[in-house]
Protein chains: 2
Amino acid sequence: MTTSAVHTPRGPVTRKDVARYAGVSTAVVSYVVNGGPKKVAPATEAKVQDAIRILGYRPNATARALKMGSNQTVGLVIPDSSNPFWALLGHAVEVAAGERGYALLLTNSDNKLDSERRHIRNLAARQVDGVVLASVMFEPDLLELVGAGIRSVLLNHASVAPGFNSVGVDLEAGARLAVEHLISHGHKSIGLAMGITADNEADGREAGWLRALQAAGLPPGPLARGGFDRPGGYAAGQRLLASPKRPTAIFASSDMQAIGVLRAIREAGLSVPEDIALASFDGSVEAEYSWPALTTVEQPVWEMAEAAVSALVGEDRNEPPQHRVFPTQLRIRQSCGCP
Amino acid sequence: MTTSAVHTPRGPVTRKDVARYAGVSTAVVSYVVNGGPKKVAPATEAKVQDAIRILGYRPNATARALKMGSNQTVGLVIPDSSNPFWALLGHAVEVAAGERGYALLLTNSDNKLDSERRHIRNLAARQVDGVVLASVMFEPDLLELVGAGIRSVLLNHASVAPGFNSVGVDLEAGARLAVEHLISHGHKSIGLAMGITADNEADGREAGWLRALQAAGLPPGPLARGGFDRPGGYAAGQRLLASPKRPTAIFASSDMQAIGVLRAIREAGLSVPEDIALASFDGSVEAEYSWPALTTVEQPVWEMAEAAVSALVGEDRNEPPQHRVFPTQLRIRQSCGCP
DNA sequence: GCGTTTTGTTGACTCGAGTAGATCGTAGTG
DNA sequence: CACTACGATCTACTCGAGTCAACAAAACGC
């Protein structure tokens with residue numbers, strides 16, 4: 001004869017079961033579980049706590065969410081979570097959300113617009129409390145969808161959409177930092193391996209590269225476009241190396257691209273930074289452990305995630321939409337030619 | 001004068017609003033939205049569809065979840081989503097779940113037991129339909145928690161817990177594959193950079209390394225333990241290099257560790273594979289783009305994720321718990337000494 | 001034309017929890 | 001001792017959607 005058999009109902013234990021077992025009403029159970037909004041006598045509270053423990057009651061978060069109109073969840077849409085930069089961002093968002101008691105619904109848009117749109121629709125239906133949209137693309141459709149009552153933050157997006165929160169870094173300033181550093185090493189021909197932004201908006205990194213060169217009175221070096229990922233960088237790197245006047249330095253718009261470029265350079269029998277210097281953008285861990293370690297423009301991912309989540313469900317939830325731009329920092333390592 | 005203002009209620013549009021607008025009962029709206037369980041006359045259906053479109057109605061997934069007892073969500077607990085291997089796994093799980101209409105709640109345990117336990121509790125309260133538990137740790141507590149009605153899959157865990165689904169690879173066979181390959185290159189002293197498994201269960205990779213050496217009549221080389229990540233591998237690598245009899249080859253229990261080892265080797269002024277050959281475990285993208293490219297034992301991450309999700313919410317949802325072991329494949333590149 | 005199916009629609013109850021408002025009992029005051 | 005004030009508790013409604021039993025109307029058979 002087991003101890004738990006008598007009163008244990010089949011199926012999941014609900015508030016009602018606890019109430020019956022403790023000999024109180026369901027309201028009291030709620031008051032005990034939530035510590036309010038009404039007081040409960042200590043003796044009653046103890047009875048209820050016992051019942052909860054004995055029956056193994058766990059409140060149904062879905063029911064709570066229905067009643068309260070919030071399921072304590074934020075959604076995140078990123079292009080590809082197997083890309084280390086996005087993975088890190090996802091991690092940071094999860095932590096920032098977790099600190100506030102929110103869980104993270106993660107979705108990958110895979111750089112496809114319809115996929116992204118589907119995910120946003122889905123997140124909206126699931127009544128998430130907010131969504132962080134780290135999209136390379138951008139469509140008015142998205143505005144409408146997300147605008148339908150759900151708070152959202154655009155991450156690192158070029159266009160500053162009215163009515164939307166946005167969080168990002170100063171891409172142009174960051175790129176200038178890196179290119180200027182390459183220039184300071186004496187390079188006169190600096191190529192650019194640029195990622196492809198689907199909306200064809202001018203990317204700040206490209207502008208920064210150009211400005212830095214102009215400011216130094218240098219002509220723009222060769223430019224090759226490819227995906228922001230390793231294969232994209234590899235392909236872009238090969239094209240840069242094959243250009244009529246091979247650059248002596250290359251700035252890549254992402255760390256992953258730089259790693260691809262690195263491979264292209266090596267396969268060409270050249271070495272970094274002796275033959276070609278390299279700098280990139282993002283500041284991911286892979287940059288640190290690459291060989292040579294990559295000089296890169298670091299994005300304050302944790303702060304950005306924190307700011308994004310805060311705008312969604314944090315203290316500044318009710319403020320009007322903000323556009324926060326974070327500074328970047330040049331993380332100097334060996335790929336640029338520094339010792 | 002806007003077209004939508006007249007009948008649009010304030011706040012989110014519910015089934016009731018649609019019903020009122022279309023002049024039907026709420027039941028009919030449900031039937032239209034779900035295509036059942038009862039038929040609706042074409043003319044009525046059209047009216048309802050119009051109302052839905054005009055009012056911009058989207059069904060509240062939370063309410064649906066409450067009624068149906070499922071919120072079409074699976075949970076994933078991994079040690080650290082900024083580790084590429086786990087990031088890839090997360091991506092694969094998300095895709096597998098997405099194909100079945102399920103969303104992914106992602107949590108990082110950060111390798112901490114209490115954090116892991118908290119997340120599982122949270123996932124349970126949120127009534128997820130299943131959880132994939134990729135824990136390095138293991139505690140009976142977890143069994144109890146997850147066992148409380150929620151289907152779960154243990155990923156790549158050494159101990160085969162009864163009543164639990166599990167999905168993993170044959171760690172020992174995989175490790176043997178790699179070590180045997182190093183032996184075939186003529187190496188007689190092969191060190192092991194082993195990750196730390198918190199539950200101190202014997203890890204198959206260690207066993208495989210040992211067995212391969214024994215089978216070849218070789219003495220076990222030096223062994224160093226560290227985290228499964230890059231810093232862990234770096235530290236382990238330094239210790240292996242400093243060991244009295246320096247090994248001529250090293251097998252690392254993860255790609256990330258191998259990348260750390262690579263750095264240690266380079267900082268010691270040695271080169272791979274000339275001075276020290278290297279092979280590792282996981283088969284992540286970083287291994288491919290490392291220099292030299294890492295020879296590694298590839299885990300079939302996509303198949304594993306597919307199997308895990310399928311056991312949770314797929315076709316074989318109602319079968320008794322299974323233990324699926326997938327084969328690994330040796331992906332030969334340059335770090336082992338092959339051309 | 002009448003009884004019988006078929007088809008279409010509806011009202012009402014349900015899921016599990018939050019909480020306002022009503023109710024009960026008791027302690028405190030005059 | 002009557003009467004208020006208050007603390008503790010319960011009743012009952014709500015959130016939004018799924019679906020069954022019940023019913024009305026139309027289609028059918030003979």
Side-chain angles (χ1 to χ4, degrees), chain A residues 9-49 51-52 55-72 124-129 148-150, chain B residues 9-49 51-52 55-72 124-129 148-150:
Chain A
R10 57 186 100 268
V13 183
T14 74
R15 185 180 62 164
K16 213 160 153 186
D17 301 317
V18 176
R20 184 172 15 245
Y21 186 94
V24 299
S25 77
T26 58
V28 176
V29 179
S30 271
Y31 298 151
V32 169
V33 170
N34 307 328
K38 302 225 174 146
K39 288 217 169 94
V40 174
T44 315
E45 159 137 25
K47 271 195 304 185
V48 174
Q49 293 286 20
I52 289 177
L55 299 181
Y57 167 69
R58 17 188 97 267
N60 181 326
T62 305
R64 169 170 236 280
L66 173 59
K67 186 78 229 251
M68 307 305 274
S70 151
N71 50 17
Q72 302 279 107
R126 284 167 182 275
Q127 316 279 115
V128 297
D129 298 298
I150 295 181
Chain B
R10 59 186 99 269
V13 182
T14 73
R15 187 181 62 166
K16 212 160 153 184
D17 301 316
V18 176
R20 185 174 12 248
Y21 186 94
V24 297
S25 77
T26 59
V28 176
V29 179
S30 271
Y31 297 151
V32 169
V33 170
N34 307 327
K38 301 233 172 133
K39 288 216 168 90
V40 173
T44 316
E45 159 136 24
K47 272 195 302 183
V48 174
Q49 293 286 21
I52 289 177
L55 299 182
Y57 167 69
R58 15 190 93 267
N60 181 323
T62 305
R64 169 170 237 280
L66 173 60
K67 185 75 223 228
M68 306 306 274
S70 152
N71 50 15
Q72 301 282 103
R126 283 166 183 275
Q127 316 279 114
V128 296
D129 298 299
I150 296 181

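Residue numbers begin at 1 in each chain, while the letters A, B, ... track the order of the sequences.
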Side-chain donor-acceptor distances from residues 62-70 of chain B under 3.5 Å, at least two apart:
from, atom 1, to, atom 2, distance (Å)
B:Ser70, OG, B:Gln72, N, 3.1
B:Ser70, OG, B:Gln72, OE1, 3.4
B:Ser70, OG, B:Asp129, OD1, 3.0
B:Ser70, OG, B:Asp129, OD2, 3.1

Atom of A:Tyr57, atom of A:Val13 and distance for their closest heavy-atom approach: CD1-O, 3.4 Å
Touch class at under 4.0 angstrom, heavy-atom based, for A:Val24 against every strand present: sugar-phosphate
Listing, residues 37-46 of chain B side-chain donor-acceptor contacts under 3.5 Å, not counting sequence neighbours, or none:
from, atom 1, to, atom 2, distance (Å)
B:Glu45, OE2, B:Gln49, NE2, 3.3

Inter-axis angle, terminal five-pair segments of the helix from C:dG1-D:dC30 to C:dG30-D:dC1 [nearest 10°]: 50°
First and last nucleotide of DNA chain D, 5' to 3', lying under 4.0 Å from heavy atoms of chain A: D:dA8 to D:dG16
Considering all heavy atoms, the nearest B:Val33-B:Pro59 contact: CG1-CG, 4.0 Å
Value rounded to 0.5 Å, distance of CG in A:Asn60 from CD in B:Gln127: 3.5 Å
Which residue lies more 5' along DNA chain C, comparing B:Thr26 with A:Pro59 via nearest heavy atoms: B:Thr26
Phosphate OP1/OP2 of C:dA17: any A:Tyr57 side-chain N/O under 4.0 Å: yes
Shortest non-hydrogen separation from A:Arg126 to B:Ala61 and the atoms involved: CA-CB, 3.7 Å
What protein N or O atoms touch nucleotides 22-27 of chain C N or O atoms at under 3.5 angstrom, if any, and at what distances?
none

From CZ (B:Arg20) to CG (B:Leu55), nearest 0.5 Å: 10.0 Å
Euclidean distance, atom CE of residue A:Met68 to atom C1' of C:dT19 [Å, nearest integer]: 9 Å
Sugar-phosphate, base or nothing in reach of A:Val28, heavy atoms under 4.0 Å: sugar-phosphate
Sugar-phosphate, base or nothing in reach of A:Arg15, heavy atoms under 4.0 Å: base
Nucleotide C:dA17, atom C1' - distance to CG of A:Asn34 in whole Å: 8 Å
A:Lys67 NZ to C:dT19 P, straight-line distance once rounded to whole Å: 7 Å
B:Val32 and B:Val29: CA distance, side-chain angles, deciding distance, side chain to side chain contact (heavy atoms under 4.5 Å, CB included) verdict: CA-CA 5 Å; B:Val32 169; B:Val29 179; 5.8 Å; no
Sorted by number, the residues of residues 40-48 of chain A with heavy-atom contact under 4.0 Å to DNA chain D: A:Val40, A:Ala41, A:Thr44
